[in-house]
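All values below come from the heavy atoms of this structure, side chains included, with hydrogens, waters and symmetry mates left out.
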Amino acid sequence: SVISTLPTSDQTSVSRHPTENGTDGAPWQGKTGKSNQADNWKEERTRSLEDNEMNLPLLSAAYSTILRGLGEDPQREGLLKTPWRAATAMQFFTKGYQEKISDILNDAVFDEDHDEMVIVKEIDMFSLCEHHLVPFFGRVHIGYLPNKQVLGLSKLARIVE
């Protein structure tokens, strides 16, 4: 990733706009402006690791049904493990549903005397279209005004992930 810092002097067009959570700082900051990593993020996981294990046979059966619907024989030698592989792949592609932002941040928010914009460029990303379940990929660029608190750089890539 490429990291750069932009000055927030009168010579730039960078401006501070209050965020939806009522702060003028980073999105992980609460209404007080202090770092409370999960103040504004959903704290509960929507899917646990146990759910993954329990649902794997159901997902695998669904992929067998899809293969049959496409005119394939899921019992054919080349397809015997395909439903299981597809089910585990889908769980991996959607693993963000089983993570909490506080687990990702892991106390990597640091008090710093820094108010200049922080930019991290070219973070590789991969996701699924929720309407078609088709993969897409690209690169993400993140810029934020730290308001005296910075986030560990590796955490930005993990959040994108």
- Query: Which atom names give the shortest non-hydrogen contact between E116 and P146, and what distance separates them?
  - Reply: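 Smallest heavy-atom distance, with atoms named: O-CD, 3.1 Å.
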
- Query: Among all residues two or more places apart in sequence or in another chain, which pass the side chain to side chain donor-acceptor pair (under 3.5 Å) test with E50?
  - Reply: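 Partners of E50 under the side chain to side chain donor-acceptor pair (under 3.5 Å) test: S48.
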
- Query: What residues, two or more places apart in sequence or in another chain, satisfy side chain to side chain donor-acceptor pair (under 3.5 Å) together with T94?
  - Reply: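 Once residues adjacent in sequence are excluded, the partners of T94 under the side chain to side chain donor-acceptor pair (under 3.5 Å) criterion are R47.
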
- Task: Check step by step if salt bridge (charged side-chain N to carboxylate O under 4.0 Å, His left out) holds for R76 and E72.
- Result: CA-CA 8 Å; R76 181 167 59 84; E72 289 289 343; 2.9 Å; yes

- Message: Test question: given the 4.5 Å side-chain rule for I, L, V, M, F, W and Y, name all other residues clustered with L56, or answer none.
- Response: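 Direct or chained contacts put L56 with W84.
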
- salt bridge (charged side-chain N to carboxylate O under 4.0 Å, His left out) between D113 and K148: does it pass, once the steps are laid out? CA-CA 5 Å; D113 187 23; K148 306 278 186 215; 2.7 Å; yes

Polar side-chain atom of [X] near backbone of [Y] as donor-acceptor pair, under 3.5 Å:
X	Y	value
Q91	N52	yes
N106	A108	no
H131	L133	no

- Item | side-chain contact (heavy atoms from CB on, under 4.5 Å) between V118 and H114, worked out | CA-CA 9 Å; V118 175; H114 188 77; 3.6 Å; yes

Taking side chain to side chain contact (heavy atoms under 4.5 Å, CB included) as the definition, give me every residue that meets it alongside [X], ordered by chain and number, with sequence neighbours left out.
X	answer
P57	none
P83	S60, Y63, S64, L67
H132	C129, V134

Tell me whether [X] shares a hydrophobic cluster with [Y], the cluster being built from Ile, Leu, Val, Met, Phe, Trp, Tyr side chains joined at under 4.5 Å.
X	Y	answer
V140	L105	yes
F137	I142	no
F93	I66	yes
M125	L151	yes

- With sequence neighbours left out, write down each residue that passes salt bridge (charged side-chain N to carboxylate O under 4.0 Å, His left out) with R85, or none if nothing qualifies.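 Expected list: none.
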
- Task: Could you note down all residue pairs passing salt bridge (charged side-chain N to carboxylate O under 4.0 Å, His left out) where residues 53-66 supplies at least one of them, sequence neighbours left out?
- Result: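 Sorted result for residues 53-66: empty, none.
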
- Message: Taking salt bridge (charged side-chain N to carboxylate O under 4.0 Å, His left out) as the cut-off, I'd like each qualifying pair that reaches into residues 123-145, sequence neighbours left out, listed once.
- Response: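 Listed once each, the pairs are E122-R139, D124-R139.
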
- Task: Mark yes when over 12 heavy atoms from residues, nucleotides or ligands other than F136 sit less than 6.0 Å from its CZ; otherwise mark no.
- Result: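 Atom CZ in F136 is packed in, count exceeds 12.
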
- Task: Could you check Y144 against V150 for side-chain contact (heavy atoms from CB on, under 4.5 Å), going step by step and ending with a plain yes or no?
- Result: CA-CA 9 Å; Y144 72 94; V150 296; 3.8 Å; yes

- Supply the atom-to-atom distance L59 CG to M54 CE, rounded to the nearest 0.5 angstrom.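 The CG atom of L59 sits 11.0 Å away from the CE atom of M54.
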
- Message: Run H141 and I119 through side-chain contact (heavy atoms from CB on, under 4.5 Å) and show every step you take.
- Response: CA-CA 7 Å; H141 311 295; I119 298 175; 5.5 Å; no

Please tabulate, one pair per line, all N/O donor-acceptor pairs under 3.5 Å involving side-chain atoms of residues 153-161, not counting sequence neighbours.
residue	atom	partner	partner atom	Å
K155	NZ	I104	O	3.2
E161	OE2	K95	NZ	2.8

- Message: Which residues pass the ring pair (Phe, Tyr, Trp, His ring centres under 6.0 Å) test with F110, not counting sequence neighbours?
- Response: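 Result, ring pair (Phe, Tyr, Trp, His ring centres under 6.0 Å) vs F110: none returned.
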
